[in-house]
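One structure is given here, and the rest of the page talks about it.
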Amino acid sequence: MSAANRRVQKAGTVETGQGKRARKPLHLKRWIRHNFIKLMRAPGGPSIVALGFSIGIAIEMITLPTFGLAFFLMFPIVYLLRASMAGALVGFVVGKIIFIPIAFISGMIGSWILPDHLRVHIPFLPHFVNKFITINLKLIVGGSINGILLGILFYFPVKYGIAYFTERRRKKRKTKRGNETPPSKSVTE
């Protein structure tokens with residue numbers, strides 16, 4: 001194989017018969033499985049990954065009312081608590097999946113906690129913007145409470161799930177090593 005062909009193969013493109021380069025198909029399932037395994041084997045053990053997951057899901061619950069800026073809050077929290085950033089990102093994505101039903105509950109909880117007479121009034125803004133800020137304030141308060149509760153709720157299943165996966169892998173490797181016997185030497189050697 002020529003050096004040019006190796007470079008092309010390394011870059012993820014393949015030569016077609018007419019001299020054009022085409023991209024190799026993306027192996028999405030394989031990539032997802034690879035990153036899942038990397039996450040399961042992350043340094044620091046299951047508690048670090050579970051803590052990151054909990055932080056990610058908690059931060060996601062306050063993202064919509066803050067117009068996505070809460071995402072940047074995740075980085076310093078993960079750093080300060082020494083959690084897994086990969087786990088936090090997975091928790092953030094899972095939070096996006098479950099956010100819609102939880103948003104209604106967050107609004108209700110925010111309405112219960114904040115007084116009914118609370119109104120945001122910024123004089124130079126139109127009335128509908130002030131009303132929008134008031135509704136978002138309820139979502140932020142309710143989302144913070146729901147996020148903390150969901151973070152605590154998801155911490156233990158994720159931690160024990162990762163520990164189970166790791167222990168199962170360890171046992172599998174141990175039995176595999178136990179079954180492998182060194183090859184016996186033949187009499188003719």
Side-chain angles (χ1 to χ4, degrees), residues 12 23-114 118 132-177:
R23 298 275 311 162
K24 284 184 181 178
L26 178 65
H27 299 289
L28 186 62
K29 185 177 176 182
R30 183 177 177 201
W31 180 80
I32 290 172
R33 185 171 191 280
H34 172 71
N35 283 320
F36 173 75
I37 289 172
K38 274 180 26 181
L39 184 64
M40 293 297 123
R41 296 177 186 171
S47 59
I48 303 263
V49 176
L51 181 62
F53 186 89
S54 297
I55 291 169
I57 208 160
I59 295 296
E60 172 55 35
M61 294 302 126
I62 61 169
T63 296
L64 186 66
T66 58
F67 304 108
L69 296 177
F71 178 76
F72 297 112
L73 183 63
M74 186 168 49
F75 296 108
I77 291 174
V78 166
Y79 179 75
L80 288 174
L81 296 177
R82 299 185 191 251
S84 166
M85 181 56 78
L89 292 174
V90 170
F92 197 76
V93 170
V94 169
K96 287 195 176 301
I97 295 169
I98 65 170
F99 179 76
I100 297 298
I102 300 293
F104 296 113
I105 299 170
S106 295
M108 289 174 20
I109 291 174
S111 303
W112 292 341
I113 292 177
L114 294 176
L118 176 73
F132 183 71
I133 292 173
T134 303
I135 291 170
N136 276 343
L137 189 60
K138 291 178 181 178
L139 281 174
I140 289 173
V141 170
S144 300
I145 292 169
N146 279 341
I148 291 169
L149 291 175
L150 284 172
I152 293 169
L153 181 75
F154 275 97
Y155 175 80
F156 295 105
V158 170
K159 178 182 175 184
Y160 293 125
I162 293 171
Y164 172 77
F165 176 82
T166 312
E167 187 60 32
R168 192 182 77 184
R169 180 175 172 263
R170 186 176 295 131
K171 285 180 182 176
K172 190 174 169 182
R173 291 182 73 201
K174 188 176 182 180
T175 58
K176 188 177 179 182
R177 274 186 291 194

Open item on the list: Please report the interatomic distance CD(E60) to CE(M74), rounded to the nearest 0.5 Å.
Closed with: 9.0 Å
TODO: Provide the closest heavy-atom pair for G107 versus S111 in the form atom of the first, atom of the second, distance.
DONE: O-OG, 2.8 Å
Task: Side-chain touch I55/M85, heavy atoms, less than 4.5 angstrom - done: no
Donor-acceptor pairs under 3.5 Å, side chain of residues 141-154 to any protein atom, not counting sequence neighbours: which ones?
from	atom 1	to	atom 2	distance (Å)
S144	OG	I140	O	2.7
N146	ND2	S106	OG	2.8

Task: Euclidean distance, S54 OG relative to I59 CD1, rounded to 0.5 Å - done: 11.5 Å
Task: R173/R169 under side chain to side chain contact (heavy atoms under 4.5 Å, CB included): CA gap, chis, key distance, verdict - done: CA-CA 6 Å; R173 291 182 73 201; R169 180 175 172 263; 3.9 Å; yes
- [ ] Find the distance between CG (L51) and NZ (K159) and round it off to the nearest 0.5 Å.
- [x] 10.5 Å
TODO: Report the distance from atom CD1 of I102 to atom CD1 of I109, rounding to the nearest 0.5 Å.
DONE: 8.5 Å
Open item on the list: As an exercise, state the distance from CD1 of I57 to NZ of K96, rounded to the nearest 0.5 Å.
Closed with: 12.0 Å
Open item on the list: Please verify the inter-ring angle class for F71 with F75; under 30° counts as parallel, over 60° as perpendicular, anything in between as tilted.
Closed with: perpendicular
Task: R82 versus I48, closest heavy-atom pair with distance - done: O-CD1, 3.5 Å
Open item on the list: Let me confirm one number: the CZ-CG distance from F104 to L139, rounded to the nearest 0.5 Å.
Closed with: 10.0 Å
Task: Full working for side chain to side chain contact (heavy atoms under 4.5 Å, CB included) between E167 and K171 - done: CA-CA 6 Å; E167 187 60 32; K171 285 180 182 176; 3.7 Å; yes
